[in-house]
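Keep in mind that what you see is a predicted model, and the values were worked out from it rather than measured. Hydrogens, waters and symmetry mates are skipped; everything else that's a heavy atom, side chains included, is used. One-based numbering, in listed order, for ligands and for the atoms of each.
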Amino acid sequence: MASIALSPDAPNPALAAQAAILARPATEERRMADAIRALSIDAVEKAKSGHPGMPMGMADAATVLFTKFVKFDAADPRWPDRDRFVLSAGHGSMLLYALLHLTGHAGMGIEELQRFRQLHSPAAGHPEFGEHPGIETTTGPLGQGIANAVGMALAERLLAARFGKSLVDHRTWVIAGDGCMQEGISHEAASLAGHLQLEKLCVLYDDNSITIDGDTGLSFSDDTLKRFQAYGWAVRRVDGHDSAEVEAALAWATRSRKPTLIACRTIIGFAAPTKAGTAGSHGSPLGPSEAEAAKSALGWNHPPFEVPEGIRDRWNAAGRRGGGTRHSWLKRLAKHPMRAEFERAMAGKLPEAWHEPLAALRASLAEGRPKLATRVSSQKALEALVPAVPEMVGGSADLTGSNNTNVKGIPSVVRGNFAGRYIHWGVREHGMAAAMNGMALHGGIIPYSGTFLVFADYMRPAIRLAALMRQRVIHVLTHDSIGLGEDGPTHQPVETLAGLRCIPNLAVFRPGDAMETAECWELAVKRADGPSVLALSRQNLAAFRADAGENRCARGGYVVAEASGPRRATLIASGSEVGLALAARQALEDSGIATAVVSLPCWELFAAQDASYREEVLGNALRVGVEAAIGFGWERWLGPEGMFIGMAGFGASAPAEDLFRHFGITAEAVVAAVKKRLG
Ligand SMILES: Cc1ncc(C[n+]2csc(CCOP(=O)(O)OP(=O)(O)O)c2C)c(N)n1
Ligand SMILES: [Mg+2]
């Protein structure tokens, strides 16, 4: 709904529309919506920062949604079969906090709203997962929420296929704005949702024609409804301030066989006498006089943060509305034959014997010492893990054969049949990673993906949020260096490992042989409080580990081969370069230079060890880092005197062996550099 851009002093056409809406008789629902508006105005005024416009505009639609449609019970906001609600337009966080408060959720009292945007308040600037049990996901980076919701809706279908409708039968609701629609990720996510016909997903689009720069006509002339229709969604347009229209559309959505988009025509900052309908109400306090005037236009004559009893009672009743449904569900669960399995999966606990097949694999790897690409070793680990861990759901962004993410006998997820456990995400890395966050947040699923390591940058915003939200999401990222060869520098990551290693709470694993790959997989699956990345080689790598007892990768780094005498050099490598370092060690030892090799498959785990272990592993001799990537960050392990052998810039297109020679990442180069330094 683009219209022409307004010049700052043009008359504000929204005000006439607003006056007409305000002239309608104030229904009970309008009063309830006004409570959201008043609380949002008050909290933003008190915090002296925040976004009042969106909650004021969407209050009417949200009131209908929460009083009549969303299945929830404020007494237990984590009830597994609740509907999921995602505020994709996360800047409108006060809408969510006001709803949680008014519906009587514990932990979101008036004091919390009064501490909006203050340190340790659950009412943070943008909704943050973990700050309050009613917040389903962290939003703020626009577009992520829509894709999270697609993942949640997909998780619902997968779990319904596994556990049946009597345990899993809920909807996913989203409120998204123009910004979410403009972001590319909304295309990826919506296209997939349409393809899979995720019919229990409904997006309410806050179609207010305003973003920060002003009228959406400045930058946006899409026909959003036609766009979603083309994805295979059912679409409708309503007056977002007309409760009856919104209610009819939401009822229609619940009957739809396709995902639904309801464009709610709204006035941003509804009720503000001058700022309504303008970007001026988007992201700053209205100011005392505009705030006062907005409330009086609504007929809201109560002191700040006060909600009259009658309105509060009606909201509280809405918060208890789902109580009966929840109790019937609990009764069904109590006598359900799959109860224990359902509860285990939803709690994120692994099956009791989950790692036995992996232990057997590790024993056979110790025995056979196969020379395999770590992407192939990863497939072997998956063959052990996936049948043993039914909540693991895999997939790839159209690189299944390259990522080796599939497991024989595991069917694909297709429209109409969600009994499979492998998702063909299509070439949609960003949507994939964000939907996987939604699957993990939903619970009951451990998602893992596949793409090339270099395309981690296409997923980065979602990986970052998985780390922030402490979600168990695993990315299999293959073709991890110039070792991929001929595809050339566009496909050869050089800076990617450094870029991932600097994300807090992300575990970046780069195993060097089949045993390390199995160990890193074990650690990633066990890591319940954060995402993991496995950087894997395209090329074959010789086995250097023949011991299957202890998971040596668990400490992040360890001595693979000790020096024959007092160390003169320590070669520290990861992934494909561990084998190279071992070859260099042999040559150095042959020349009488006692050299150790350290494998460093996971910096984050190594950094978490005590200092004495790290010192013992890294040693006091000359430290030489070897990795087919740029050296950014390696100084952390090498210290000021250390040397780094790796990439200094982008790669090139050629056979892998030629590239390692060309860029000087060879055992000979390591030997020469060590000898030169040691004199
Ligand atoms: C990825 C991303 N880019 C930019 C921003 C900054 N930002 C926050 S809200 C917003 C405008 C959003 O417009 P809309 O969704 O229409 O929200 P409304 O103003 O209608 O509330 C922008 C650019 C962001 N939060 N996320
Ligand atoms: Mg907008």
Point to revise | Asn208 atom OD1 and Asp178 atom OD2 as seen from the Mg ion (ligand 2), angle to 10 degrees | key: 80°
Review point. Quick check, are the ring centers of Phe228 and Tyr205 under 6.0 angstrom apart?
Key: no
Exercise for review: Consider only side-chain N and O atoms of Ser209 and Arg265, and report whether a donor and an acceptor are under 3.5 Å apart.
Suggested key: yes
Practice item. Tell me whether Gly177 has at least one N, O or S atom under 2.8 Å from the Mg ion (ligand 2). Key: no
Review point. Does the pair Trp425 and Asp398 meet the rule for a side chain to side chain contact (heavy atoms under 4.5 Å, CB included), with working shown?
Key: CA-CA 7 Å; Trp425 290 103; Asp398 200 43; over 6 Å; no
Check your understanding: Can His126 and Ser93 be counted as having a side-chain donor-acceptor contact under 3.5 angstrom?
Key -> no
Practice item. Under the ring pair (Phe, Tyr, Trp, His ring centres under 6.0 Å) rule, collect the residues that match up with His442, sequence neighbours excluded. Key: His170
**Study point:** Cation-pi, Trp300 ring and Arg37 (6.0 angstrom, 45 degrees)
**Key:** no
Point to revise | Neighbour list for ligand 1 [protein residues, heavy atom under 4.0 Å] | key: Met54, His91, Gly140, Pro141, Leu142, Gly177, Asp178, Gly179, Glu183, Asn208, Ile210, Thr211, Ile212, Ile268, His282
**Study point:** Check: His491 ring centroid to Phe455 ring centroid under 6.0 Å
**Key:** yes
